[in-house]
There are 2 protein chains.
Amino acid sequence: MSTELGERNRSILEAIIEEHIATAEPVGSRTVAKRHKLGLSPATIRNVMADLEEFGFLQSPHTSAGRVPTEKGYRFYVDSLLQVRKLNSAERKQLESRYQLRGRKVEEVLRDVSKTLSSISHYTGLVMAPRLETTVFRHIEFVPLSEGRVLVVFVTRSGLVQNKIIETRVPVSRRELEQISNYLNRTLAGLSIQQVKEKIFAEMQEEKARYDRLMSRTLELSREALKENLGGEVFIEGTSNILDQPEFANVETMRGLFRAFEQKSTLIDLLNRSQQADGVQIFIGSEPGITGIQGCSLITCHYASKRGTIGALGVIGPSRMNYSSVIPVVDYTARLLSQVLDGDLD
Amino acid sequence: MSTELGERNRSILEAIIEEHIATAEPVGSRTVAKRHKLGLSPATIRNVMADLEEFGFLQSPHTSAGRVPTEKGYRFYVDSLLQVRKLNSAERKQLESRYQLRGRKVEEVLRDVSKTLSSISHYTGLVMAPRLETTVFRHIEFVPLSEGRVLVVFVTRSGLVQNKIIETRVPVSRRELEQISNYLNRTLAGLSIQQVKEKIFAEMQEEKARYDRLMSRTLELSREALKENLGGEVFIEGTSNILDQPEFANVETMRGLFRAFEQKSTLIDLLNRSQQADGVQIFIGSEPGITGIQGCSLITCHYASKRGTIGALGVIGPSRMNYSSVIPVVDYTARLLSQVLDGDLD
DNA sequence: CGCTGGCACTCGAAGCCTGAGAGTGCTAAC
DNA sequence: GTTAGCACTCTCAGGCTTCGAGTGCCAGCG
């Protein structure tokens, strides 16, 4: 029943929501009648609005103030009414031009992506670091730092670089490290990290590791090196864009939001969830299980190599957000980043 | 003349400023008389306050609202009245305990320092990345990534690790890279980066570089590698602490501040300036040449190795800030970080 | 002569009222 | 089913009043 809206009601709802998105003000019947020439009088529209309010798609802040979409209203809008604009080729070019990635560090690239998202959308950009699982391994190197500490450098097939410091239980000599990396590079290049892990695990099972000291070192080291890396780190850029949105003129709301930005855990949670599903996902305000972003919506998309999900990115802004222009940007950005990580883009 | 304040006037000014710092409200004569038992009646204090207002240390928001310190008032307070509390040993221990640094990446450490500053002060922490000039070099390593790209890994004497990617004009073979790093490590270990640069420059002047291909590669590569690294990057943490300060209840003010945080250039400018001077420095509101942090004060201190200035850190908060407790924290943190970079702390 | 109590004065904040304007809901007519 | 008309409601802005905090000044006191 609740989705049983007639064609006319739907288009009035759409008009109201779009009007509200454009103006941030409650929308009255007069305005709808005038600006969206539906050939109906304000009175008729009032009737429809009353119905829509009963359905729970609209609400009035007070008796004489026009209507504002509810979260349910936005939900219906994005699910059933919204026409997502495709990017034209100029816009796609513009996005693509920002990704000159070869030989850059993963962090830099992700921060950049986040900045790009925020500056194009005028909201706030989020990028969650990939678990590298499905990235394709090209090269690994170990640099001895001090007793028991080794810097591991990965290069992915697409030329992205990531490095981290690991601790080894016993000191490993420079010579051993060289042998180890030679071995790994010979046997593992071209596999995804996931496959590498499996292979290592398999070899650890085999007897020979027990007797071959070098081999056991190799396995220990690479297991350590492949443990979760940037896992779950989130890059947030453009937070101050949010300050321009009239709905956050109230300090209390803003405080909550900035807390969320700084703590990141809510965002990580949402981004993680978006990895489960396919394509662009939209979280609205305080829908079930979402807290801490009242009045906001989050548009996310996972990015992934051909072999599986690895991370998520998105844009957060007020619920009264320009969905139709942000969605394709998020979508296309995720595609680009996927390709980059796959190494297909060079 | 303007500094010719009698002892009594000074202590009344001090009382007023401290009262204002504690309450964030304009301070009236009654309050001062009551809470700071100076043995004077409100009427007398009123007279003094009128004088202080004439001097420009105080101002009244309006006729019947008590007085508020001006920037000049704060300036006089921090320069002449403020008693800086020393940290007790427990507090020093607490700070020290946060610096377990060996083998960590420079960025991580700096971000941590910034977080610590913000969480202890309850304001916002800033740390500007060091120019590595005066850090003592222990070890350098080159990892070939792809044609013409090399990852450089530095280790400082204190065990901090930093790495960056550089481009070489011509491809350099793995073997050459090894020779180059061997050479550098042999000849340069224990020198400061500044000295290393000088040495390299000197060698470039010498004739032999022209004829020795390997040598010229070495020099080119190390020059590239030693170019400004994190130079000028600023780590800002705890921005949302600012939101709790009542003076930023007004959105307009806050917006300006967050813009400044996101753009960073004002902050970089101030932090740079603080490197010129010795010890803790305090920038107040919109004193000459300072823009973009109206209503805020910045407490900074450079940190340095034994050989010279290399970076700066600090805390930014409202002008009505608890100077006496933040100053020693900034000061001691800078000392700690200096020691760490010198490598004296392990 | 410096300090103090007293007192008139000022000014903002809060509360109240009012009028204007926007928007609704209902009803009766087309 | 749609519309015009109309009474009704509610917010917002402005003006007015009251209240209280705090001042500035003055006269008197030690």
Side-chain angles (χ1 to χ4, degrees), chain A residues 4-13 15-20 22-70 73 246-247 249-250, chain B residues 4-13 15-20 22-70 73 246-247 249-250:
Chain A
E4 288 288 345
L5 288 182
E7 185 52 43
R8 197 183 62 178
N9 290 13
R10 295 164 55 110
S11 59
I12 289 177
L13 178 57
I16 293 169
I17 294 186
E18 273 161 16
E19 187 66 26
H20 180 67
T23 62
E25 299 289 315
V27 183
S29 53
R30 252 180 89 83
T31 325
V32 178
K34 244 187 222 165
R35 267 192 274 235
H36 303 254
K37 44 206 165 173
L38 302 163
L40 293 172
S41 78
T44 314
I45 292 177
R46 278 206 284 284
N47 287 327
V48 175
M49 283 166 100
D51 293 348
L52 291 171
E53 180 157 8
E54 225 163 283
F55 277 129
F57 293 137
L58 297 178
Q59 66 187 41
S60 15
H62 56 82
T63 326
S64 75
R67 258 96 168 185
V68 164
T70 59
E247 40 267 86
N250 155 11
Chain B
E4 288 291 344
L5 286 183
E7 184 53 41
R8 196 183 62 177
N9 290 13
R10 293 163 58 109
S11 61
I12 289 178
L13 178 56
I16 293 169
I17 294 186
E18 273 160 18
E19 188 67 26
H20 181 66
T23 63
E25 300 288 318
V27 184
S29 52
R30 252 180 89 81
T31 326
V32 178
K34 245 187 220 165
R35 268 192 274 234
H36 303 256
K37 41 204 167 173
L38 302 164
L40 294 173
S41 79
T44 314
I45 291 178
R46 277 205 286 283
N47 287 328
V48 175
M49 282 166 99
D51 293 348
L52 291 172
E53 181 158 5
E54 226 164 282
F55 277 128
F57 293 137
L58 297 178
Q59 68 186 42
S60 16
H62 55 83
T63 325
S64 74
R67 258 96 170 187
V68 165
T70 60
E247 40 266 87
N250 154 12

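Worth knowing before you read on, the calculation uses all heavy atoms, side chains too, and leaves out hydrogens, waters and symmetry mates. Numbers restart at 1 for each chain; the letters A, B, ... are given by sequence-line order, proteins then strands.
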* For Gln59(B) and dG22(D), give me the distance from atom CD to atom P, rounded to whole Å. => 17 Å

* Asked: Does Ser60(A) reach the main-chain N or O of Thr63(A) with its side chain, forming a donor-acceptor pair under 3.5 Å?
  -> no

* **Spacing of Thr23(B) atom OG1 and Glu18(B) atom CD [to the nearest 0.5 Å]** => 11.5 Å

* Under 4.0 Å between a side-chain N or O of Arg46(A) and OP1 or OP2 of dT3(D)? -> no

* Any donor-acceptor pair under 3.5 Å linking the side chain of Ser29(B) with the backbone of Ile45(B)? -> no

* **Earlier contact from the 5' end, DNA chain D, for Gly66(B) and Asn47(B)** => Gly66(B)

* Asked: Are OP1 or OP2 of dC10(D) and a side-chain N or O of Thr63(A) less than 4.0 angstrom apart?
  -> yes

* To do: For Ser29(A), answer base if it contacts any base atom (sugar-phosphate contacts may also be present), sugar-phosphate if it contacts only those atoms, and nothing otherwise; contact means non-hydrogen atoms under 4.0 Å.
  => sugar-phosphate

* To do: Using atom CE of Met49(B) as one end and atom C1' of dC25(D) as the other, report the distance to the nearest whole Å.
  => 16 Å

* Structure fact -> With a 4.0 Å cut-off (strictly under) to non-hydrogen atoms of chain B, the first and last hit nts on DNA chain C, 5' to 3', are dC3(C) to dG12(C)

* Interatomic distance, Asp51(B) atom CG to Leu13(B) atom CG [nearest 0.5 angstrom] -> 11.5 Å

* For residues Leu40(B) and Arg8(B), determine if any side-chain heavy atom of one lies less than 4.5 Å from a side-chain heavy atom of the other. => yes

* Can you find a pair of side-chain heavy atoms, one from Ile17(A) and one from Val27(A), that are under 4.5 Å apart? -> no

* Any side-chain N or O of Arg8(A) less than 4.0 Å from the OP1 or OP2 oxygen of dT2(D)? -> yes

* Asked: Nearest-Å distance, NE2 (His62(A)) to C1' (dT9(D))?
  -> 10 Å

* Going by the salt bridge (Lys or Arg N to Asp or Glu O under 4.0 Å) test, name the single residue among Arg67(A), Lys34(A), Arg35(A) that passes it with Glu19(A). => Arg35(A)

* Asked: When the nearest nucleotide of DNA chain C is assigned to Ser60(A) and to Ser64(A) on a heavy-atom basis, which residue is associated with the more 5' position?
  -> Ser64(A)

* Structure fact -> Numerically ordered, the residues 35-43 of chain B set in heavy-atom contact under 4.0 Å with DNA chain D is none

* **Nucleotide dG1(D), atom P - distance to CD1 of Ile45(A) in whole Å** => 17 Å

* So how far is it from Leu52(B) CG to Ile12(B) CD1, rounded to the nearest 0.5 Å? -> 7.0 Å

* Determine whether Leu38(A) and Val32(A) make a side-chain contact, defined as any pair of heavy atoms from C-beta on separated by less than 4.5 Å. => yes

* To the nearest Å, give me how far apart CG (Leu58(B)) and P (dG24(D)) are. => 11 Å

* To do: Could you state the atom-to-atom distance from CD of Glu54(B) to P of dG24(D) in whole Å?
  => 10 Å

